[in-house]
Structures are given as C-alpha cells and as structure tokens.
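Here is how names work: the chains are called A, B, and so on, in the same order as the sequence lines, proteins then strands, and each is numbered from 1.
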Number of protein chains: 2
Amino acid sequence: MPYSREHKQNSREKILQSAYRLFSTKGFDNVTVDRVMQDCSLTRGAFYGHFRSKSELYKEALKFAASNSKLADIKPEGLSSREWLSVLLDGYLSLEHVYGERPCPLAFLATDIVSRDKETHKTYAQVYTRMNQLILDYAGRDTVKNSQDVFSLTSMIIGAVAVSRTLEDQQQVQQILSSCRQQARLMLGGI
Amino acid sequence: MPYSREHKQNSREKILQSAYRLFSTKGFDNVTVDRVMQDCSLTRGAFYGHFRSKSELYKEALKFAASNSKLADIKPEGLSSREWLSVLLDGYLSLEHVYGERPCPLAFLATDIVSRDKETHKTYAQVYTRMNQLILDYAGRDTVKNSQDVFSLTSMIIGAVAVSRTLEDQQQVQQILSSCRQQARLMLGGI
DNA sequence: ATCTAAATATGATCTTTATCATATATAGAT
DNA sequence: ATCTATATATGATAAAGATCATATTTAGAT
C-alpha cells in the first residue's frame, strides 16, 4: 500500500475546498482544472485519480459546500432555536459572508447552475430545500401559519448576497445587508 | 450607399436581442459569437462590423435589456402609481418572466457578472440603482420612512426569480413566486 | 447598366483547456 | 533492501471558439 490510508482522502478534500472557492467566485467556465489543482498544490494528472471530469468535480464541490456551509453549523448550548436562527441570518447577511471563503452556493452559483447538467440541478434543488427546511425548523413550526412564507425570506437573503457580490460600492452593500437583516427580523415575527 | 439607412441599425438590434436572450439563459461562456449570429440569421464575420468584441457585446446587451425590460414599461393612463407598481411586481414575480424572453438582467446575470470587466460591473450597478429608484418613485416617496427599505424588496424579487429558474419543480416555483408576491404587498404597505 | 462604399460571409489562425497516455514518486509489506 | 499497488506528475492530443484577413453581396447614386 502506498501513502498513508488518509492521504487520498485528504487530497480529495483539499481539491474540493479549492474547487468550491474558485467556482463560487468565478463560475464553472472561468476555472480550469489546472487552476484548481495549483490552488491546492497538486497537478492536473492527479485530478483524474479523484474525479471523472470537471463536471463531476463541480457537483461534488456543490455538495461539499452545502454540508460545510455556515447554515449547517451546529447550534451552541444555551441558545434558543430562535436566537440561533437570528445569529445565522446575521452571519448570512454579513460582509464576511459576501466576500468570504465559505459562501452560500445557493446565492453564488445561482445563475451558473442553469447551464449545468440535470444531476447538478437536482443537487442544487436539494440544497435549496434543505435551507428552507432548516429555517422552518429553527423558527419553530408550531408558530408557522403557512410554511410557504419561508420562501420569501430565503429569496430575500439569497438575492441580497448574490447581488451584493457584484456591486463595487461597499456602502451600498452595507445598506442592502442592513435593510435585509431588519426585514428578516420582521418576517420572522410573521413566520 | 449600400443597403438602406436603417439596415445596420436593425441588424444591431437583432444581434443585441439574440445576444441578451442567450446570455441571460446560458451565461457569457456558454454562448458563442457564432451561436448569437446564427440566432439572428447572420454570420460571424458581420459581427465584428457591429461590435469590437464579445465582451463589448455582453455589455451592450446588458444595457439593451435594461432599457427594454418590463420594469421600464410606461404606466398606462388611469392607473395610480401604486396600482401600476403592483402590476409590475406581479409581472416580475410570474412564470412568464422566469421563463420568458425579456428576463431581468439583475437576476439572470447576477453571478455571471462577477467575472466580467469593471465597465460591465458599473453598468450592472447602474441598472440596479435605477430599479430601486423606480420602485421608490412608484411607491411614492412621501410615504417612505426610510428609502433603504426598498433594498430588501428588490433583493427578494431578484433572488426569487434567479433561484426559480434553476429549479425543475414547477409547483415549488409557483409557491416561491406566490409567497413573494404576498410578501411584496406587505412590504409596500411598510414602504 | 454600372460603380462603389458599406454590410455581410467564408476560410484560416492561434490560443485555451479538458482529457488521455505514460512516467515517476511514495510508503507499507515482505 | 526490494517489491508493488497507489498517488501524483508530465507531456501529448484534440476540440472549441474568438478574432482576423479576405472575398462577396447589397442597393443607392451616377
């Protein structure tokens, strides 16, 4: 047996991490396999030992990002679900998220996904459903009049960060995020 | 003088129309110059008589889309500004818009823009500002507590249609759009 | 009818990049 | 030490597509 048992698994995770960071900031076509591998200090050739194709990498990176996203973090002890949800939303609607290393795939891949294959669409849809579900759960289902109300909340926060990343004017971005944080609190009262 | 005086202008508009339709559904890299020209029954060569490069085409198509978008339509006689705004928002949050021929560039190019050049970013930002302004104007500025409140509304509707286009489940899309239409009405009360 | 400038079409070039074929390096087992 | 399966690296191939150089078509003016 060559290398240690975990070596390949480690490499795979490094590739996924680099891939997602690059894909989410540049989109599928503006990222080359070479660039991803350079980013994690490996080379082209090694790539095909881990993934069948660039498309497969994209899909796996999407799954990887979903399970490692801020929104998947575990609620700390001593906070109510509602309080934790509030923390999560503020984190989501923050500059750190907009420009950070673990951006939400729902926002940052939104229009990029359209040209990908059916499987990838399905994965995206699953991530989307999970996000809505998670917010519903934290908000407390018993207080929900209509579970569909959550869609307007997620639309808003996804739209906000997606647009924010394209804007140069930092002050305007701050205003957008702030406006949405405030609105989110109002909506959660309603939900 | 060859051709009629308006011929070239007509060609230019046809190119822009095809270009925007394709760019907004597939993104910059998944559209070739060839494909655009085929779409409007011209050929590659003619292209460079109209635009310096594919990048320039993209930028011009973005401007073109902005000035021809649903939201730029003129208010018909006999409707109050608020009523007209309501019509516009329902149109924006409709299946026809999500899958139609005149989609909103703010939503459908959102993440695609990130990899484009500075000029294009600037154009996008202008379109974004115009959209917010337009909604503020129709909503009636005197009734606005805080003009920044409009950002959460535009984030929501942009996010809603951007995400909707990636989802396969038509029923879910309907629910998202419906949820946002309802929420928009609530928010306009507040604005 | 013919001439001409503008618009459009066609063929060629050159770069980029995904993927493959092949070679080398690694580290556990003998 | 050496052997071997696996991980990684390097060089080659081939296709796609943006752009350019050149040819052809168009329709108004003479």
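- For the residue pair A/T111 and B/A110, the shortest heavy atom distance occurs at CG2-N, 4.0 Å.
- Nearer the 5' end of DNA chain C, as judged by each residue's closest nucleotide, is the contact made by A/V31, out of A/V31 and A/G45.
- Looking at heavy-atom distances under 4.0 Å, A/V36 makes no contact with the nucleic acid at all.
- Atom CG of B/D29 is separated from atom P of D/dA18 by 9 Å (rounded to the nearest Å).
- Among D/dA18, D/dA9, C/dA18, the nucleotide with an atom closest to any side-chain atom of A/K54 is C/dA18.
- D/dT13 atom P lies 14 Å from atom CZ of A/R44, rounded to whole Å.
- You'll find that the side chain of B/A46 is closest to C/dT8, out of D/dT8, C/dT8, D/dT10.
- Ion pairing between a basic and an acidic side chain is recognised when a charged N comes within 4.0 Å of a carboxylate O; A/R21 and A/D39 show such pairing.
- Between A/S11 and D/dA7 there is no side-chain N or O to OP1 or OP2 distance below 4.0 Å.
- A/R35 places its CZ atom 13 Å from the P atom of C/dA18, with the value rounded to the nearest Å.
- As rounded to whole Å, 11 Å separates atom P of D/dC20 from atom CZ of B/R52.
- Atom OH in B/Y58 sits roughly 17 Å away from atom C1' in D/dA18 (whole-Å rounding).
- Taking atom CD of residue A/Q9 and atom P of nucleotide D/dT8, one finds them 11 Å apart after rounding to whole Å.
- Counting heavy atoms of neighbouring residues, nucleotides and ligands inside a 6.0 Å radius, atom NZ of A/K122 does not exceed 12 of them.
- One atom, NZ of B/K8, and another, P of D/dA27, lie 16 Å apart when rounded to the nearest Å.
- The listed nucleotides are D/dA12, D/dT8, D/dA18; the one nearest the side chain of A/T43 is D/dT8.
- Crowding of B/Q182 atom CD: a count of heavy atoms from other residues, nucleotides or ligands under 6.0 Å not exceeding 12.
- Looking at the side chain of A/L42, the nearest of the listed nucleotides D/dA9, C/dT17, D/dT19 is D/dA9.
- In the set D/dA9, C/dA18, D/dT19, D/dT19 carries the atom at the smallest distance from any side-chain atom of B/Y48.
- Separating the CZ atom of A/F47 from the P atom of D/dG11 is a distance of 20 Å, rounded to the nearest angstrom.
- Among B/L57, B/N30, B/D29, B/D112, the one residue that satisfies the side-chain contact (heavy atoms from CB on, under 4.5 Å) test with B/F23 is B/L57.
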